[in-house]
2 protein chains.
Amino acid sequence: MGKRILKHAILGLLSKKDMSGYDITGEFKEEIGQFWSAKHSQIYIELKKLLSENLISQYIEMSGEKLERKMHRLTSEGKKELEQWLVVPDETIETEKDVFILKLYFIKHIPKDKVEALFRNQFNIRSAKLAYLREQYQQIFGEQHPLEIDADQLGHYFVLTKAISREESYVKWLEQSLEIIKKREY
Amino acid sequence: MGKRILKHAILGLLSKKDMSGYDITGEFKEEIGQFWSAKHSQIYIELKKLLSENLISQYIEMSGEKLERKMHRLTSEGKKELEQWLVVPDETIETEKDVFILKLYFIKHIPKDKVEALFRNQFNIRSAKLAYLREQYQQIFGEQHPLEIDADQLGHYFVLTKAISREESYVKWLEQSLEIIKKREY
DNA sequence: AATAAATATGTAAACATTAACATGTTCAAT
DNA sequence: ATTGAACATGTTAATGTTTACATATTTATT
């Protein structure tokens, strides 16, 4: 990190439509949250920074009589910044941190029954995630062929298929590994 | 984060053998670095913290005449702390951040030729990583059957197979997705 | 003998992230 | 009418992480 990813993630989200900080917080709870996310406390601060950098502008929309929604819109500068960032290839890959696998590296110090419990827990969480992602896919793309997907939806398509692929691979590996654990005298 | 993962990662590494800060830094450049890593600046500070918490002890080993290696060893308290941490199932999964996929979500704003360049770049990096991991696997486990692997090596086996599985899935998805990009008018 | 790479440890500043604190509005259900 | 959930925005403190600064030794190569 240290590369202002959140800055550009927000610029990207705002390139789709104007949003409030609350909206952006919500986006990170949807599919893109599988690959980047942030808490509202960080988002409001980043929005301020982007305003002071003139990459976005702000206007107020009212929800009812008193409740303000501070909406944000990309400036032409912001759009330029986003487009420049998007085309730069990343030479290195950051560590995709995974505490479960880290723990497994130290399996020697985990009693066999606890290992099985850890595996089952991880299997349940990952399976649930996979089911959710597949449901999302069905709802949005149904039986649509990838070549027929609207250009506006292509980013969404790739994110969803990537997330599904990641979880399928994870679940499959969990099943295979648990089998090994069970079969071994340990 | 905010859950002292590095603390426990270091305790775990020290459970295998006594190590210096430099050694630990090196470990995070090996396979376990696929799932957790830290820079030496963070590690030396964490070691100090662990010392003050009495979870590790320190002694000096000399490399030559003047060059000190400050070795660290788990205390019984440290071992207990590690064992307790290992068996706690994690209820939530942290976002596995991936800047490439984040960028892809905003593909609408990337010119087609640049998209292909980004894909090729990612393909090259991921393929190289996969090749390295497979080589490691061959060197360490060869044609050995998982049921015959030494208990001491089991953690290593799972970390390596998980990393390989992750990269295989990634590369496959990259190939399929690039095919779609190429076939579409975009 | 000189040099570069690897070994070895540390600190400081900047930046990123989370958790907790803090407040108020609107909408839906009872 | 009340209550709870969702909507909405912010700040502060603590923690985690990276980058850059800083220094010195040992080993292998030329």
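In what follows, chains carry the letters A, B, and so on, assigned in the order in which the sequence lines appear, proteins first and then strands, with residues in each chain numbered from 1.
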Shared-cluster residues of B/I93, by chain and number - hydrophobic side chains joined below 4.5 Å: A/I125
Separation of atom CD in B/E46 from atom P in D/dT15, rounded to whole Å: 11 Å
A/Y105 and B/F35 aromatic centres sub-6.0 Å: no
Value in whole Å for how far the C1' atom of C/dC15 lies from CD1 of A/I5: 12 Å
Parallel, tilted or perpendicular, as decided by the 30° and 60° cut-offs, for the rings of B/F158 and A/W173: perpendicular
Short side-chain N/O contact from A/K97 to OP1 or OP2 of D/dT17, under 4.0 Å: yes
Nearest-Å distance for atom pair CD1/C1', residues B/I43 and D/dT19: 15 Å
B/K79 bridged to B/E83 by N-O distance under 4.0 Å: yes
Aromatic ring proximity B/F100/B/F119, centre distance under 6.0 Å: yes
Under 4.0 angstrom between A/K39 side-chain N/O and C/dT17 OP1 or OP2: no
Mutual orientation of the aromatic rings belonging to B/Y137 and B/F141 [parallel < 30°, tilted 30-60°, perpendicular > 60°]: tilted
For atom NZ of A/K7 and atom P of C/dA14, their distance in whole Å: 18 Å
Parallel, tilted or perpendicular: rings of B/H8 and B/W85 (30°, 60°): parallel
Partners passing side chain to side chain donor-acceptor pair (under 3.5 Å) against B/D23 (at least two apart in sequence or in another chain): B/S20, B/R69
First encountered from the 5' end of DNA chain C, between A/G64 and A/L6: A/L6
B/K29 NZ - D/dT18 P separation (whole Å): 13 Å
Side chain to side chain donor-acceptor pair (under 3.5 Å) involving A/K129 - partner list, sequence neighbours excluded: A/Q34
side-chain contact (heavy atoms from CB on, under 4.5 Å) between A/D152 and B/K108, intermediate numbers included: CA-CA 7 Å; A/D152 275 353; B/K108 208 183 151 187; 3.0 Å; yes
N/O donor-acceptor pair under 3.5 Å between B/R184 side chain and A/P146 backbone: yes
Bend angle of the helix from C/dA1-D/dT30 to C/dT30-D/dA1, end axes from five pairs each (to 10°): 40°
Of residues 84-93 of chain B, the positions that come close to DNA chain C - non-hydrogen atoms, cut-off under 4.0 Å: none
Spacing of B/M62 atom CE relative to D/dT25 atom P, expressed in whole Å: 11 Å
Atom pair distance, as rounded to whole Å: NZ in B/K3 and C1' in C/dA19: 12 Å
Sequence-aligned protein contact record of nucleotides 4-11 of chain D, with B where the base is within under 4.0 Å of a protein heavy atom and S where only the sugar-phosphate is: ---BBBBB
Nucleotide C/dT26, atom P - distance to NZ of A/K66 in whole Å: 7 Å
